[in-house]
Amino acid sequence: MEELDVAGRAVRVTNPDKIYYPERGFTKLDVARYYLAVADGVLRGLRDRPTTMQRFPDGVEGEFFYQKRAPKGLPDWLPTARIAFPSGRFADEICPTEPAAVIWAANLGCLTFHPWPVRRADTEHPDELRLDLDPQPGTGFAEAVEVARGLRELLAGYGLRGWPKTSGGRGVHVYVPIRPEWTFTEVRRAAIAVARAMERRLPELVTSAWWKEERGRKVFVDYNQMARDRTIASPYSLRARPRATVSTPLRWEELPDAEPEDFDLLTVPARYAELGDVHADMAGHAFGLEPLLELADRQAADDGLGDLPYPPDHPKMPGEPSRVQPSRARGR
């Protein structure tokens, strides 16, 4: 066992030599030390947010699971918040408020943190619009970067600013901090409006189609990441990939030359020591969604564009189109 001093709080790391990333030989202690090195940055993305832990107790080549409910033995200094799932059921999730919470979770085999886009003081109103640019087969990170650059221009045209990060894989995530004044349904509607606007701007490169058979070789703007109980990897989260890549915040000027595998368990701490958290200034902004909701209204009025399908675990929503796969619907 090892004991780490995390901002004045002692946190134990059990079985420190256990291998978590066999390809590179990284251990549980390596993971804990990584999170200690970027503690303030990862905490910025998690602070006061209900957080699901993606746990790999036997490393990235073993079984994993998503832990939504706070585990037994939760430290008394780690708060929770009650969140409601689409089914109407509830759970109390951890809400990290200090760096020790991150190391405590890492000791449980948590490699990737999945925070909700809400704070524990108000779990019904998101304070982040998260735009997930997901390359489909035949496309990759380069295409996601091209879409992200177009997205930056689109957002600026509506008086909004986004902060980009790698997904840790082939995708790009862009965060827009917003005032917590809108519901999940409204924020998701804004994401759909953005997806459709990007599809119109870059029709050969972008798709908003929910059904995979309709997407083609394009980058999918995954609007359903703003549906209730859908989350993406937090800034500075490790990913369960052989090279131990990291979902890394970037400055816009870095994005064109970035490669996802440049950012991993070894390189990100050095980058962080040199540059700090390049998204730290996000905390000083909170935009309004009015321009995007007005865009959604215009899309509905001018083009007859309504809602799009929700994820399959959601109850049927008012105004939602059929969730039947198009090819199956044609075969009926």
Side-chain angles (χ1 to χ4, degrees), residues 31 34-35 38-56 64-71 74-75 77-86 90-106 108-132 162-169 171-180 182-184 187-188 191 222 224-240 246-249 268 277-280 282-283 285-286 311:
V31 167
Y34 162 77
Y35 276 121
V38 299
D40 289 341
V42 71
L43 185 62
R44 176 189 57 77
L46 301 178
R47 190 184 302 277
D48 286 320
R49 298 189 183 281
T51 298
T52 297
M53 297 184 289
Q54 188 178 3
R55 293 176 58 183
F56 296 80
F64 72 90
F65 62 97
Y66 293 92
Q67 180 147 12
K68 297 185 177 184
R69 291 171 172 79
L74 189 72
W77 46 263
L78 207 172
T80 62
R82 178 153 293 188
I83 46 89
F85 298 125
F90 295 88
D92 295 319
E93 291 204 354
I94 67 166
C95 295
T97 56
E98 58 179 284
V102 178
I103 312 305
W104 170 86
L108 296 180
C110 178
L111 297 182
T112 307
F113 296 87
H114 294 266
W116 282 50
V118 299
R119 309 277 182 173
R120 61 186 172 124
D122 182 358
T123 60
E124 292 298 316
H125 298 92
D127 67 348
E128 289 178 344
L129 171 64
R130 299 172 177 176
L131 300 165
D132 181 7
W163 280 256
K165 70 178 179 72
T166 67
S167 68
V172 174
H173 301 154
V174 177
Y175 285 53
V176 181
I178 60 175
R179 299 192 303 270
W182 293 273
T183 65
F184 279 96
V187 179
R188 176 181 174 275
D222 190 353
N224 265 334
Q225 293 294 11
M226 288 311 310
R228 181 186 292 274
D229 195 30
R230 294 294 285 259
T231 58
I232 57 179
S234 74
Y236 300 104
S237 264
L238 287 164
R239 305 312 308 269
V246 172
S247 185
T248 306
V268 171
D277 178 11
V278 297
H279 285 188
M282 222 176 106
H285 296 79

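For this chain, numbers begin at 1 and follow the sequence in order.
- Residues Y34 and L238 meet the side-chain proximity criterion, which asks for heavy atoms closer than 4.5 Å.
- Contact check for D40 versus P99: side-chain heavy atoms found under the 4.5 Å cut-off.
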Would you sort out whether V268 and V38 count as a side chain to side chain contact (heavy atoms under 4.5 Å, CB included), showing the intermediate values?
CA-CA 8 Å; V268 171; V38 299; 4.1 Å; yes

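- Between W104 and L78 the shortest side-chain heavy-atom distance falls below 4.5 Å.
- Counting only distance, with no hydrogens or angles, the side chain of R188 and the backbone of N224 share no donor-acceptor pair below 3.5 Å.
- The heavy-atom pair separating W77 from A101 by the smallest distance is CZ3-N, 3.6 Å.
- Annotation: the span from F184 atom CZ to H125 atom NE2 amounts to 9.5 Å, rounded to 0.5 Å.
- Looking at every heavy atom in both residues, T112 comes nearest to A240 through OG1-N, 4.5 Å.
- In this structure, P117 and Y175 have side chains that are not in contact, with every pair of non-hydrogen atoms separated by 4.5 Å or more.
- Defined by atom type and a distance below 3.5 Å, a donor-acceptor pair is missing between the side-chain atoms of E124 and T183.
- Panel note: side chain S234, backbone L46; no donor-acceptor pair is recorded below 3.5 Å.
- Remark: side-chain polar atoms of H285 are not paired, donor with acceptor, to backbone N or O of I178 under 3.5 angstrom.
- For the pair H173/P235, no side-chain contact is recorded, criterion being any heavy-atom separation below 4.5 Å from C-beta on.
- With rounding to the nearest 0.5 angstrom, the CZ atom of R228 is 6.0 Å from the CH2 atom of W116.
- Taking 4.5 Å as the limit, every side-chain heavy atom of R47 sits out of range of all side-chain heavy atoms of P96.
- A salt bridge links D127 to R119: at least one charged side-chain nitrogen sits closer than 4.0 Å to a carboxylate oxygen.
- A heavy-atom distance below 4.5 Å is not found between the side chains of P126 and W182.
- Ring geometry for F113 against Y35 counts as perpendicular: the plane angle is over 60°, on a 0 to 90° scale with 30° as the lower cut.
- Between L108 and P71 the shortest side-chain heavy-atom distance falls below 4.5 Å.
- Rounding to the nearest 0.5 Å places CZ of R130 at 13.0 Å from CG of D222.
- Using cut-offs of 30° and 60° for the angle between ring planes, the F64 and Y66 rings count as perpendicular.
- For the pair K165 and Y236, the NZ or CZ position fails the cation-pi test of under 6.0 Å to the six-membered ring centre and within 45 degrees of the ring normal.
- Judged by distance alone, with hydrogens and angles left aside, the side-chain atoms of S237 form no donor-acceptor pair with the main-chain N or O of S247 at under 3.5 Å.
- One distance of note links CG of D132 with CD of Q225; it measures 5.0 Å at 0.5 Å rounding.
- Atom NE2 of H114 is separated from atom CG of D229 by 11.5 Å, given to the nearest 0.5 angstrom.
- Screening K68, R82, R69 for a salt bridge (Lys or Arg N to Asp or Glu O under 4.0 Å) with D92, the sole residue that qualifies is R82.
- Proximity of a side-chain donor or acceptor of T166 to a complementary backbone N or O of V246 within less than 3.5 Å is detected.
- Using a 4.0 Å cut-off between charged side-chain N and carboxylate O, D277 and R44 make a salt bridge.
- Using a 4.0 Å cut-off between charged side-chain N and carboxylate O, E128 and R49 make a salt bridge.
- In this structure, CD in E93 is found 4.5 Å from CD1 in I83, a value given to the nearest 0.5 Å.
- When all heavy atoms of D122 and P180 are compared, the pair lying nearest together is OD2-O, 4.1 Å.
- In the model, Q67 has a side-chain atom that pairs as donor or acceptor with a side-chain atom of R55 under 3.5 Å.
- Closest of all the heavy-atom pairs between A70 and I94 is CB-CG2, 4.0 Å.
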